[in-house]
Amino acid sequence: MRRMKLMIPGPVELSPEVLLAMARPMMGHRTPDFEAILEECWSGLKEIFQTKNDMLLITGSGTAGMDAAIASTIKEGDEYVCITGGKFGERFVEMVKAYGGVPREVKVEWGRAVDPAEVDKALSQSKAKAVTLTHNETSTGVLHDAEAVGKVAKKHGALFIMDAITSIGGDYVKADEWGVDICIAGSQKCLVSPPGLAMVSVSPKAWEVIGKNKTRNYYLNLASYKKSMEKKTTPFTPSVTLIYGLQAALRAIKEEGLENRIKRHRLMARATREAVKAMGLELYADEGHASNTVTSIKIPQGLTDEDVRGKMKKEHGILLAGGQDQIKGKIFRIGHMGNVEYLDLMSVLSALELTLKKAGRDIELGSGLGAAQRVFLQG
Ligand SMILES: Cc1ncc(COP(=O)(O)O)c(C=O)c1O
């Protein structure tokens with residue numbers, strides 16, 4: 001099987017250190033040695049989430065973390081203000097409905113960021129128990145203003161539940177400063193680990209709500225995770241192998257430094273945006289709120305998804321992401337999260353220029369590369 005260069009918004013390419021860590025022999029999960037690994041992971045994650053709240057590690061993909069957050073806080077008839085504007089924001093709406101709650105949707109035009117005044121209005125017109133936000137809406141490439149949403153949620157005394165699955169570890173997430181009560185991450189994105197782990201931080205205010213809630217689910221029950229966490233363990237057998245990988249990934253993040261890491265992600269994002277614009281392409285997301293971990297780009301008129309993503313895959317072995325739902329076939333997305341560096345990005349941009357030129361676009365070869373290089377030159 002041909003090895004693909006992954007430029008999708010997760011799973012991302014893993015370092016040899018992470019891969020090797022996962023080849024270690026199995027260990028008992030109820031042992032002091034494994035407890036030490038868990039504690040190291042919890043504390044490393046707290047630094048990245050910028051929180052002093054409890055940290056829980058769930059075996060399951062990012063959606064398991066979202067599901068746990070909703071299932072553990074909701075009871076039938078509860079209203080939740082759900083900010084949508086993309087596929088992942090809508091997932092919260094589906095979950096609230098699945099548990100018998102009433103979603104009060106703040107619908108944002110796809111590609112745009114939420115206006116906090118709209119959230120304020122929705123909260124004033126409802127008795128919402130919580131607000132849900134997808135910090136970095138991967139499907140559209142939009143980064144929402146979580147700090148502003150957090151302030152509005154606090155003003156109304158609502159819980160703030162945030163999916164930070166594609167921002168944590170790649171962009172600023174200040175869970176405590178922004179008042180995020182339940183903050184969710186996934187392993188296979190900017191945390192550069194394999195898929196299969198969800199990380200969830202929970203505030204004292206959220207624990208109060210959870211404590212009073214008669215939760216109807218069993219496996220994804222945050223209260224069970226807390227009880228076990230206090231005994232330095234997990235309620236069920238965790239994925240030991242994935243946690244070995246996470247431990248190695250968190251050590252690498254610490255070595256790079258969170259601030260440096262975020263700067264690198266922002267540089268990659270800027271270089272990508274300038275390069276594609278110089279190639280004559282149009283960004284899909286509002287540039288003032290563009291994601292720093294994934295860039296969404298309109299497929300130019302006259303070309304198809306196959307002409308761009310199909311050729312990038314076949315001719316260059318580069319995997320890009322497509323559009324989802326209503327924007328399927330209309331956009332493509334370049335993921336630049338995790339360990340992506342100058343050479344990774346330049347090779348992808350170079351292949352993209354060639355692909356567009358071969359497809360008949362009137363572009364000057366090197367125009368996108370030059371634009372990216374100028375961004376890198378400025379730093
Ligand atoms: C913002 C966001 N939320 C949720 C998810 C779902 O995560 P998972 O596929 O790990 O369940 C994704 C996956 O891409 C995502 O990008």
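Because the structure is predicted, anything quoted here is derived from the model rather than measured. Whatever order the structure lists ligands and atoms in, that order sets their numbers, starting from 1.
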**Q** Any nitrogen or oxygen of Asn136, main chain or side chain, under 3.5 Å from a nitrogen or oxygen of ligand 1?
**A** no
**Q** With heavy atoms of Thr166 as the reference, note each atom of ligand 1 found under 4.0 Å away.
**A** 1 (C), 16 (O)
**Q** Where's the contact between Thr63 and ligand 1, heavy-atom distance under 4.0 Å: side chain, backbone, both or neither?
**A** both
**Q** When only distance counts, is Gly62 in polar contact with ligand 1, meaning an N/O pair under 3.5 Å?
**A** yes
**Q** Would you say the side chain of Asp163 lies within less than 4.5 Å of the side chain of Arg91, judging by non-hydrogen atoms?
**A** no
**Q** Out of Leu191, Ile165, Ile48, Ile58, which residue meets the side chain to side chain contact (heavy atoms under 4.5 Å, CB included) rule with Met199?
**A** Leu191
**Q** What's the shortest distance from atom 12 (C) of ligand 1 to any protein heavy atom, and which residue and atom give it?
**A** Phe88 CE2, 3.3 Å
**Q** Looking at atom 3 (N) of ligand 1, what's its closest protein heavy atom, distance included?
**A** Asp163 OD2, 2.5 Å
**Q** Please output the side-chain donor-acceptor pairs of residues 26-37 that fall under 3.5 Å, not counting sequence neighbours, one pair per line with the distance.
**A**
from	atom 1	to	atom 2	distance (Å)
Arg30	NH1	Thr233	OG1	2.5
Arg30	NH1	Thr234	O	2.6
Arg30	NH2	Thr234	O	3.3
Arg30	NH2	Pro235	O	3.4
Thr31	OG1	Gly28	O	2.8
Thr31	OG1	Phe34	N	3.3

**Q** I'd like to check which ligand 1 atoms, numbered from 1 as shown, lie under 4.0 Å from a non-hydrogen atom of Ser61.
**A** 8 (P), 10 (O), 11 (O)
**Q** Identify the heavy atoms of Val96 and Cys82 that sit nearest to each other, and give their distance.
**A** CG2-SG, 4.0 Å
**Q** Which is closest to atom 1 (C) of ligand 1 by heavy-atom distance: Ile8, Thr138, Thr293, Asp67?
**A** Thr138
**Q** Using a 4.5 Å cut-off on heavy atoms from C-beta on, say whether the side chain of Ile334 contacts that of Leu352.
**A** yes
**Q** So which bit of Thr134 gets within less than 4.0 Å of ligand 1, heavy atoms only: side chain, backbone, both or neither?
**A** side chain
**Q** Report yes if the side chains of Lys129 and Asn213 come closer than 4.5 Å at any heavy-atom pair, otherwise no.
**A** yes
**Q** Is any side-chain N of the basic residue among Arg251 and Glu17 closer than 4.0 Å to the acidic one's carboxylate O?
**A** no
**Q** Report yes or no: does a heavy atom of His135 sit under 4.0 Å from some atom of ligand 1?
**A** no
**Q** Among protein heavy atoms, which lies nearest atom 13 (C) of ligand 1, and at what distance?
**A** Lys189 NZ, 3.1 Å
**Q** Go through ligand 1 atom by atom and flag the ones less than 4.0 Å from a non-hydrogen atom of Arg91.
**A** 6 (C)
**Q** Which bit of Glu137 gets closer than 4.0 Å to ligand 1, counting heavy atoms only: side chain, backbone, both or neither?
**A** neither
**Q** Sequence neighbours excluded and cut-off under 3.5 Å, please list the side-chain donor-acceptor pairs for residues 114-125, or say none.
**A**
from	atom 1	to	atom 2	distance (Å)
Asp115	OD1	Ala117	N	3.0
Asp120	OD1	Lys155	NZ	3.1
Asp120	OD1	His156	NE2	2.5
Asp120	OD2	Lys155	NZ	2.9
Ser124	OG	Asp120	O	2.8

**Q** Does the ring of Tyr225 carry Lys227 above it, NZ/CZ under 6.0 angstrom from centre and within 45° of its axis?
**A** no
**Q** What residue and heavy atom of the protein are closest to atom 9 (O) of ligand 1, and at what distance?
**A** Gln188 NE2, 4.0 Å
